[in-house]
Structures are given as C-alpha cells and as structure tokens.
Amino acid sequence: MARKKKVPEPIVAPLDELHYFVTPIYITKQPQFLETVKAIAADSIKKVHGKAKPNKIHPILMSGNMLEDERITPFAEFIGQTAWNILSSQGYAMDQFSTVFTELWCQEHYQTSSMDYHAHPGGNFLVGFYFLDTPEGCPPAVVHDPRPSRMMLSLPEANPSQATLASTMINFTPEPGMIMFAPAWLAHSFGRNPSKAPFRFVHFNLSVQPSAPAACPMPEAEII
C-alpha cells in the first residue's frame with residue numbers, strides 16, 4: 001500500500017518591504033481660483049482663435065501664455081509656492097532656488113479630442129494641471145510608469161482596475177478646481193473626450209533658477 005506524501009506547509013519568511021525611487025503625485029482642490037482662471041482662459045483662447053471653431057481632425061483649441069494677464073497673479077503665486085514646497089519636501093536644497101514658470105496655458109478639448117503620451121523635458125522639474133470644466137464621462141488624467149526596462153519585463157496584472165505594484169498606468173478622475181502636480185519626466189496623457197461639451201484645463205510647467213543673493217549691507221563711512 002503506497003503512502004501519500006504529506007504536502008509541506010509553505011515557509012513564510014518575514015520580509016521588510018522597502019520602496020525607493022518612487023514617483024510622487026500631488027493633488028489639492030482649490031476652487032477659489034476657478035472663476036478668475038476660467039475668465040482668463042476664455043479671453044486668451046478668443047485672442048488666439050477669434051471666433052474660429054476647432055477642426056474635425058484635431059478638435060482642440062489652446063490659449064496663449066496666460067501669464068501675460070495680470071489677473072493670473074494670485075493663482076500663479078499659489079502654484080509657484082506650492083511647487084517650491086514640493087521640491088523642498090523631496091529633499092532638494094531649495095533655499096538656493098526659486099521656482100519659475102516656463103509655460104501656463106489652457107487646453108480646450110472638444111468631442112473625440114485627446115492628449116497623446118508625452119513628458120516635458122528641457123529644463124522643467126514639475127508639471128501640473130488645473131481642471132476647469134469636466135463634463136460627465138470626461139477622460140481621466142493618466143500617468144504612465146516611467147521605467148522602460150520594467151515595462152519590457154512586466155507580467156499580466158491580476159486586476160487592472162486596482163492600483164498595485166504591477167500597474168503600468170494610473171488613472172485620476174478630474175474635478176473642477178482640482179490641481180495635480182507631478183515630476184516633469186513623468187509621461188502623461190488623456191483619452192478621447194466622449195462628451196459634446198468641451199473638457200477644459202490649465203496645463204503648466206515649472207523650472208527653477210538660482211535665487212538672488214541677499215544684498216550685503218554697506219559699511220558705515222568712517223569719520224576722520
């Protein structure tokens with residue numbers, strides 16, 4: 001009579017799980033800027049395009065540089081200071097630098113319009129979005145795994161609807177007044193807008209520059 005082999009119990013060793021080289025995403029809701037930023041965006045788009053409508057192949061309208069409008073100052077100051085705080089919290093010696101905008105403009109995506117996968121090199125350190133109008137069913141903001149070697153060796157996900165260490169992209173649902181910050185090297189995209197109503201948001205990029213040195217006090221003149 002053959003004996004049945006006893007299946008050994010799995011050995012579970014205690015593991016310290018450590019995460020380094022992470023990709024931070026920052027989100028805050030600041031609806032107090034909506035009314036002013038919407039007005040500036042509308043004026044800037046009208047200045048660039050007049051009464052022209054988006055074409056059927058690329059149904060999108062973009063504003064000019066919204067920083068040219070002095071009404072944007074409170075919003076721009078909030079973004080710039082928050083960006084400085086983010087970089088400082090990440091461990092950078094920001095006492096030596098100030099944040100500066102390289103771009104700040106509005107994108108108005110009509111039905112079927114989308115934003116392709118891309119990043120923002122060229123001296124930028126942070127990118128972000130301020131969502132203005134998010135019609136029902138508007139596309140999510142998508143950030144993509146920035147590690148190409150990991151993408152080549154990835155396995156199928158057990159549940160793609162869950163955000164796990166196996167995820168290759170993460171979706172965020174836009175809301176009016178929501179601001180997102182991310183590293184400029186992080187690729188992002190939007191799917192096609194299925195709504196007949198336009199999907200609008202402000203996109204911005206930030207770099208840094210050396211802070212101006214503090215003025216040295218002039219020595220008092222010696223009286224002889």
Side-chain angles (χ1 to χ4, degrees), residues 22-45 54 59-63 66-67 69 71-87 89-90 99 101 103-120 124-146 159-164 167-184 186-206:
V22 297
T23 303
I25 306 292
Y26 303 87
I27 293 178
T28 179
K29 294 181 180 179
Q30 301 295 329
Q32 71 272 22
F33 298 115
L34 271 174
E35 183 177 347
T36 300
V37 176
K38 278 186 178 183
I40 297 169
D43 290 346
S44 185
I45 288 175
I60 178 175
L61 297 178
M62 294 197 189
S63 77
M66 293 171 59
L67 292 168
D69 193 314
R71 293 175 294 171
I72 203 72
T73 299
F75 175 73
E77 288 180 345
F78 175 85
I79 296 296
Q81 183 60 59
T82 303
W84 191 97
N85 294 343
I86 286 172
L87 293 171
S89 71
Q90 291 178 355
T99 52
F101 286 90
E103 292 93 15
L104 190 153
W105 76 108
C106 177
Q107 296 189 17
E108 192 170 82
H109 291 265
Y110 288 79
Q111 191 172 30
T112 75
S113 179
S114 63
M115 178 195 282
D116 294 337
Y117 172 106
H118 71 287
H120 290 271
N124 292 304
F125 289 90
L126 290 173
V127 301
F129 307 96
Y130 184 50
F131 297 103
L132 305 179
D133 294 295
T134 60
E136 185 176 356
C138 76
V142 184
V143 296
H144 301 263
D145 192 327
N159 187 348
S161 66
Q162 294 183 351
T164 68
S167 299
T168 59
M169 62 182 69
I170 303 294
N171 295 343
F172 296 88
T173 302
E175 298 177 18
M178 186 174 96
I179 304 178
M180 287 183 63
F181 292 86
L186 181 64
H188 47 274
S189 65
F190 289 91
R192 296 190 182 278
N193 180 19
S195 175
K196 292 183 179 180
F199 170 42
R200 299 184 181 93
F201 58 85
V202 170
H203 202 351
F204 53 84
N205 300 321
L206 294 119

Carefully, step by step, assess Met180 and Ile25 under the rule side chain to side chain contact (heavy atoms under 4.5 Å, CB included).
CA-CA 7 Å; Met180 287 183 63; Ile25 306 292; 3.9 Å; yes
Over all heavy atoms of both residues, which pair between [X] and [Y] is shortest? Give the atoms and the distance, please.
X	Y	answer
Pro183	Pro24	CD-O, 3.2 Å
Ala184	Ala119	O-CB, 3.7 Å
Gln107	Ile60	OE1-CD1, 4.0 Å
Pro174	Pro140	CD-CA, 3.9 Å

Between the main-chain N or O of [Y] and the side-chain N or O of [X], is there a donor-acceptor pair closer than 3.5 Å?
X	Y	answer
Thr99	Gly80	yes
Thr82	Phe78	yes
His203	Gly128	yes
Gln111	Pro194	yes
Asn124	Leu126	no
Ser63	Cys106	yes
His188	Leu186	yes
Ser167	Thr164	yes
Asn193	Ala197	yes

Below 4.5 Å, heavy atoms only, C-beta onward: do [X] and [Y] meet side chain to side chain?
X	Y	result
Phe199	Arg192	no
Met66	Val202	yes
Ser195	Glu136	no
Thr23	Pro146	yes
Glu108	Ile45	yes

[atom2] on [Y] to [atom1] on [X], rounded to 0.5 Å:
X	Y	atom1	atom2	answer
Ser89	Tyr26	OG	OH	4.5 Å
Gln32	Phe75	CD	CZ	9.5 Å
Leu132	Leu34	CG	CG	6.5 Å
Cys138	Phe131	SG	CZ	8.0 Å
Phe101	Ile72	CZ	CD1	8.0 Å
Glu175	Thr134	CD	OG1	7.0 Å

Would you check if the distance from the ring center of Phe181 to the ring center of Tyr130 is below 6.0 Å?
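Distance test on ring centres: not under 6.0 Å, no.
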Is a donor from one side chain sitting under 3.5 angstrom from an acceptor on the other, for Thr168 and His144?
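Side-chain D/A pair, Thr168 to His144: absent.
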For residues Thr28 and Gln30, is any side-chain donor paired with an opposing acceptor at under 3.5 Å?
yes
Only one of Phe172, Phe204, Phe190 passes ring pair (Phe, Tyr, Trp, His ring centres under 6.0 Å) with Phe129; say which it is.
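Option passing the ring pair (Phe, Tyr, Trp, His ring centres under 6.0 Å) with Phe129: Phe190.
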Result of checking Leu67, Asn205, Val127 against Glu103 for side-chain contact (heavy atoms from CB on, under 4.5 Å):
Asn205
Between Val142 and Ser189, does the side chain to side chain contact (heavy atoms under 4.5 Å, CB included) criterion hold? Intermediate values first, please.
CA-CA 5 Å; Val142 184; Ser189 65; 3.7 Å; yes
Test: Arg71 and Asp43 ion pair at under 4.0 Å:
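A salt bridge is present here (some side-chain N lies under 4.0 Å from a carboxylate O).
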Go through the steps for Ile79 and Ile179 under the test side chain to side chain contact (heavy atoms under 4.5 Å, CB included), then give the verdict.
CA-CA 9 Å; Ile79 296 296; Ile179 304 178; 3.9 Å; yes
